[in-house]
Structure formats: structure tokens, C-alpha cells
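Let me begin by presenting the structure, written as C-alpha cells, before commenting on it.
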Amino acid sequence: MTESVSVRAAPEGWRLWLLEFWWFGLRQAWACLFGGIMLALIVATHLVWPDDAAMHRYDFLFLAALGIQAGLLATGLESWEEARVILLFHIVGTAMEVFKTAAGSWIYPEEAIFHIGAVPLFSGFMYSAVGSYLARVWRLFDFRFTRYPPFWATVVVSVLAYINFFSHHYIWDFRYVLIAATLMLYGPCWVHYTPKRMRLRMPLAFGFLLVALFIWFAENIGTFAGAWIYPNQKEGWSLVSISKLGSWYLLMILSFVMVSAVAKPEREA
């Protein structure tokens with residue numbers, strides 16, 4: 001007597017694409033773990049934080065961010081090498097925050113014990129969240145590249161972009177020139193990635209734009225929750241200017257270059 005064995009066929013056609021799309025979203029969400037938890041805490045504390053609490057809301061967010069970072073390292077979800085690069089990005093972001101708040105670009109309306117100047121220390125972790133996401137998504141999707149630009153050229157453009165965040169307060173704003181330079185630099189490059197089974201690819205510059213767009217969405221949530229506000233939001237919340245998308249695009253590229261120093265971009269076979 002023979003025993004029948006049921007073999008489930010691998011999905012094909014639109015089912016395969018649907019499965020890949022599902023895994024793409026799932027792994028993207030997993031890569032956003034640090035930033036997602038921080039954003040959830042910002043919204044939650046905005047809704048329920050009592051006025052007479054023994055601890056300032058910003059200080060709670062700072063200590064929570066330290067705990068999340070420690071948890072990622074303890075569980076191996078983030079390597080120490082990645083954490084060092086993310087720490088560097090944290091420092092770079094905090095330095096820009098101190099300058100920008102002094103220049104009146106945005107403000108933090110609440111009090112904090114842990115702060116530098118007018119900048120509560122939790123704010124640096126919002127920049128770290130971008131670095132954490134890029135480091136994790138690189139590993140989760142097994143990023144490899146074709147026609148990746150020379151590393152020295154990516155460093156030059158990212159450093160110039162960072163300088164422009166400060167210098168545009170005194171001289172002409174070069175952000176659109178720098179965005180054009182990044183498109184020339186990364187335009188020919190494709191990133192190859194695997195959500196689950198299929199090896200897919202997309203133009204790297206388009207990937208940068210998508211990430212910058214989602215950061216802009218997150219910034220709107222952050223300002224709505226009062227974590228920081230722009231001058232035009234003092235009398236009531238409004239959407240963050242779409243022009244900030246260009247700033248996030250350049251800052252995200254700076255983070256990508258920092259992470260690439262650890263991840264070492266590899267060529268797709």
C-alpha cells in the first residue's frame with residue numbers, strides 16, 4: 001500500500017509577487033524597529049503624559065532611547081561596529097540640532113534635565129534611528145550594488161551637504177546643486193535586494209527618495225505630537241513644508257555613507 005504525500009508547490013505569478021511584497025513590508029518594519037518604537041513613545045507620551053509627572057517627558061524619551069539601544073545590542077539585533085557608526089551619526093545630528101535651534105530653525109517647547117543648550121538629548125536618537133534603519137535594512141535585504149560610485153566621491157558630497165546645513169544661514173543655499181550632484185553620482189547605481197526568495201533591484205537614488213519621504217512623514221507625526229515644532233507651528237500644527245524633503249534626502253545620504261563605511265558595499269554578481 002502506497003502512502004500519498006502532499007507537496008505544496010512554490011507560489012508563482014502574482015502570488016509570488018504578493019508574497020514578496022508582504023515580506024518586503026514586514027522586513028522594512030523590522031528594520032525600522034528603533035525608529036518605530038521611538039515614534040510610538042513620542043505619540044504615546046504626548047497623549048498621556050501628566051503635567052505633574054516627576055520626570056520631564058523629554059528626559060523619559062532620552063532614557064527610553066538608551067534602553068532601546070542597549071536592548072538591540074544585547075539581543076544581537078545590532079552589532080557594536082554598527083552602533084559605533086550610529087553613535088557618530090548621533091553626534092553629528094546633535095551638533096546640527098544645537099546650531100539649528102540657536103538659529104531659530106525649530107524649537108523644543110518643553111523642559112529637560114538632559115540637554116545641550118536648547119536641545120534635549122533624546123533628539124539625537126531620532127538621527128540615530130535613521131542610521132539604525134539603514135544598517136539593519138542593509139543586512140536584512142542583503143544589499144549589493146552595480147555601478148556603485150567611488151567611496152571617496154560619496155564622502156565628499158555628503159560632507160559638503162552637511163556643511164551646507166550650517167552655511168546656508170550665511171551664504172547661498174546649495175542644497176539643490178548638491179541634490180543634482182547626488183543624482184549624477186548615484187543615478188547609474190542599482191541596489192539589488194531580496195525580500196524573501198526573489199532577487200530584485202531598484203535605482204539607488206529612487207530608494208533614497210523613498211526613505212526621505214517616509215522620514216518626512218515621521219517628522220510630521222513628531223511635530224504633531226509636540227516633540228519639536230517649527231516657527232510656523234507655534235499657533236497650531238500644520239504640515240511640515242515639503243521643501244524639508246530635500247533636507248532629509250541629503251541628511252539620509254550622509255547617514256548612508258556612514259553606514260557604508262562599515263557595511264562595505266559589495267558588487268552584485
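Just so we're clear, the structure is a prediction, and the values are computed from it rather than from any experiment.
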Exercise. Got a salt bridge between Arg201 and Glu268, using NZ or NE/NH1/NH2 to carboxylate O under 4.0 Å?
Worked result: no

Problem set entry | Point-to-point distance, once rounded to the nearest 0.5 Å, from CZ of Phe151 to NZ of Lys264 | 6.5 Å

Exercise. Does the side chain of Tyr148 reach to within under 4.5 Å of the side chain of Ser260, using non-hydrogen atoms?
Worked result: yes

For this session: Output, in order, the C-alpha distance, side-chain angles, deciding distance and verdict of ring-ring contact (aromatic ring centres under 6.0 Å, His included) for Phe217 and Phe214.
Result: CA-CA 5 Å; Phe217 289 150; Phe214 276 93; 5.8 Å; yes

Exercise. Ring pair (Phe, Tyr, Trp, His ring centres under 6.0 Å) with Trp172: which residues, sequence neighbours excluded?
Worked result: Phe174

Seminar exercise, completed: dist Lys244:NZ -> Asn220:CG (nearest 0.5 Å) comes out at 12.0 Å

For this session: Any chance you could measure Leu204, atom CG, to Leu183, atom CG, to the nearest 0.5 Å?
Result: 11.0 Å

Problem set entry | Any Leu254 side-chain heavy atom under 4.5 Å of Val257 side chain | no

For this session: Could you tell me whether a side-chain N or O of Lys196 sits under 3.5 Å from a main-chain N or O of Trp22, the two making a donor and an acceptor?
Result: no

Exercise. Side-chain donor-acceptor pair under 3.5 Å between Tyr249 and Thr182, yes or no?
Worked result: yes

For this session: Dump the intermediate steps for ring-ring contact (aromatic ring centres under 6.0 Å, His included) on Phe256 and Trp138, then the final yes or no.
Result: CA-CA 10 Å; Phe256 187 87; Trp138 196 308; 5.1 Å; yes

For this session: Under the ring-ring contact (aromatic ring centres under 6.0 Å, His included) rule, what do Phe24 and Phe141 come out as? Steps first, then yes or no, please.
Result: CA-CA 9 Å; Phe24 180 85; Phe141 286 87; 5.5 Å; yes

For this session: Classify the angle between the aromatic ring planes of Phe34 and Phe125 as parallel (below 30°), tilted (30 to 60°) or perpendicular (above 60°).
Result: parallel

Exercise. Can you check side chain to side chain contact (heavy atoms under 4.5 Å, CB included) on Met202 and Val191, steps first, answer last?
Worked result: CA-CA 6 Å; Met202 77 165 63; Val191 56; 3.7 Å; yes

Exercise. How about Tyr108 and His115: are their ring centres within less than 6.0 Å of each other?
Worked result: no

Exercise. Hey, what do you get for CZ (Arg139) to CZ (Arg27), rounding to the nearest 0.5 Å?
Worked result: 11.5 Å

Problem set entry | Stepwise side chain to side chain contact (heavy atoms under 4.5 Å, CB included) check, His169 with Ser105 | CA-CA 10 Å; His169 288 275; Ser105 297; 3.4 Å; yes

